[in-house]
Novice: 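Can you keep this structure in mind? I'll have questions shortly.
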Amino acid sequence: MYIIVLFTLSIVFEFVNIDAGQLAEGLRNSGDYIKGVRSGEDTKRYINKYVWFFSVFGSIYICIIAGSPLYLGVLFPSYRKIIMLPGMALMCVGMIFTTQDQIRAGKSLYSYKKWIK
């Protein structure tokens, strides 16, 4: 059940992060285009096709990385605590990098005040 939920949420979050309609509209408004694709609805379908492909590929990868320790823990119950450590370490590192990015963004907000009067 965990793997199914993880797979589904990975795909849904990809479509939330990349809005093909908004991206196609932005391309049209700026005069940009994708070679061989008409602007508007055709561009939206083209972008959605690639978002779908990469979201499924990424979701499979995430499910393998996150799901394999769970299956290994079932197969080798004596190593259950050790098997989960790499996943925990990756989550901690991810949170640390995200926190660092947030701190940098907060600091850069105040660095523009000396230029604006």
Side-chain angles (χ1 to χ4, degrees):
M1 191 66 170
Y2 173 75
I3 300 298
I4 293 169
V5 170
L6 185 64
F7 184 81
T8 305
L9 285 176
S10 296
I11 290 175
V12 169
F13 285 145
E14 190 67 34
F15 279 98
V16 167
N17 288 329
I18 301 175
D19 184 11
Q22 187 178 17
L23 190 58
E25 184 179 330
L27 286 171
R28 186 183 66 211
N29 291 342
S30 66
D32 292 331
Y33 62 93
I34 299 172
K35 188 175 182 177
V37 180
R38 292 178 47 184
S39 63
E41 197 62 34
D42 290 342
T43 301
K44 181 180 175 183
R45 279 194 294 272
Y46 182 83
I47 293 170
N48 268 334
K49 180 176 73 170
Y50 278 97
V51 169
W52 180 255
F53 171 76
F54 285 111
S55 66
V56 169
F57 180 75
S59 297
I60 290 170
Y61 177 75
I62 287 173
C63 288
I64 289 170
I65 296 300
S68 56
L70 295 175
Y71 289 120
L72 290 173
V74 171
L75 294 175
F76 306 107
S78 60
Y79 296 114
R80 191 174 295 156
K81 293 179 183 177
I82 298 171
I83 289 174
M84 296 304 286
L85 284 177
M88 298 279 196
L90 286 174
M91 285 190 292
C92 289
V93 168
M95 285 189 281
I96 289 169
F97 284 143
T98 302
T99 304
Q100 284 179 339
D101 288 341
Q102 293 294 324
I103 290 170
R104 283 189 199 117
K107 284 182 178 179
S108 69
L109 177 66
Y110 298 110
S111 67
Y112 292 109
K113 284 187 177 182
K114 61 184 173 186
W115 298 101
I116 301 172
K117 292 184 181 185

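Just so you know, these numbers use all the heavy atoms, side chains as well, and skip hydrogens, waters and symmetry mates. Nothing fancy with the numbering, it's 1 onward along the sequence.
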Novice: Enter the distance from Ser59:OG to Ile3:CD1 here, rounded to the nearest 0.5 Å.
Specialist: 11.5 Å
Novice: What pair of heavy atoms forms the shortest contact from Val56 to Ile11, and how long is it?
Specialist: CG2-CD1, 4.0 Å
Novice: Would you give the length of the straight line joining atom CZ of Arg38 to atom CZ of Arg45, rounded to the nearest 0.5 angstrom?
Specialist: 9.5 Å
Novice: Give the minimum heavy-atom separation between Ile47 and Ala24, together with the two atoms involved.
Specialist: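 Heavy atoms of Ile47 and Ala24 come nearest at CD1-N, 4.2 Å.
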Novice: Count I, L, V, M, F, W, Y as connected when their side-chain heavy atoms are under 4.5 Å apart, and connections chain through other members. Are Phe7 and Phe57 then in the same cluster?
Specialist: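 No: no chain of side-chain contacts under 4.5 Å links Phe7 to Phe57.
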Novice: Could you measure the distance from the CD atom of Glu25 to the CG atom of Leu23? Nearest 0.5 Å is fine.
Specialist: 10.5 Å
Novice: Test of understanding: clusters of I, L, V, M, F, W, Y form through side-chain heavy atoms closer than 4.5 Å, transitively. Do Leu9 and Val16 belong to the same one?
Specialist: no
Novice: Let me check something: do Trp52 and Phe54 share a hydrophobic cluster, defined by ILVMFWY side-chain heavy atoms less than 4.5 Å apart, either directly or through other members?
Specialist: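 Yes.
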Novice: Roughly how far, to the nearest 0.5 Å, is CG of Leu72 from CD1 of Ile82?
Specialist: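 So the CD1 of Ile82 and the CG of Leu72 are separated by 12.5 Å.
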Novice: Could you list who else is in Ile103's hydrophobic cluster, with ILVMFWY side chains joined at under 4.5 Å, directly or through other members?
Specialist: none
Novice: Just verifying a value: how many Å separate Ile60 CD1 and Ser55 OG, rounded to the nearest 0.5 Å?
Specialist: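 Nearest 0.5 Å value for the CD1-OG distance: 9.5 Å.
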Novice: Work out which heavy atom in Arg28 is nearest to a heavy atom in Gly40; give both atom names and the distance.
Specialist: NH1-CA, 4.3 Å
Novice: Taking the six-membered ring for Trp and the full ring for Phe, Tyr or His, determine whether the centres of Tyr50 and Tyr46 are under 6.0 Å apart.
Specialist: yes
Novice: Quick one, Phe97 and Gln100 - any side-chain contact, counting heavy atoms below 4.5 Å?
Specialist: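 Yes, close enough: below the 4.5 Å cut-off.
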Novice: Out of curiosity, does Ile65 fall in the hydrophobic cluster containing Val5 (side-chain heavy atoms, cut-off under 4.5 Å, transitive links)?
Specialist: no
Novice: For the residue pair Ile83 and Gly73, what are the closest heavy atoms and their distance?
Specialist: CD1-N, 3.8 Å
Novice: Could you state the interatomic distance from CG (Leu6) to CD1 (Ile64), rounded to the nearest 0.5 Å?
Specialist: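 One gets 11.5 Å once the value is rounded to the nearest 0.5 Å.
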Novice: Quick check: is Val51 connected to Ile34 through a chain of hydrophobic side chains (ILVMFWY, heavy atoms under 4.5 Å apart)?
Specialist: yes
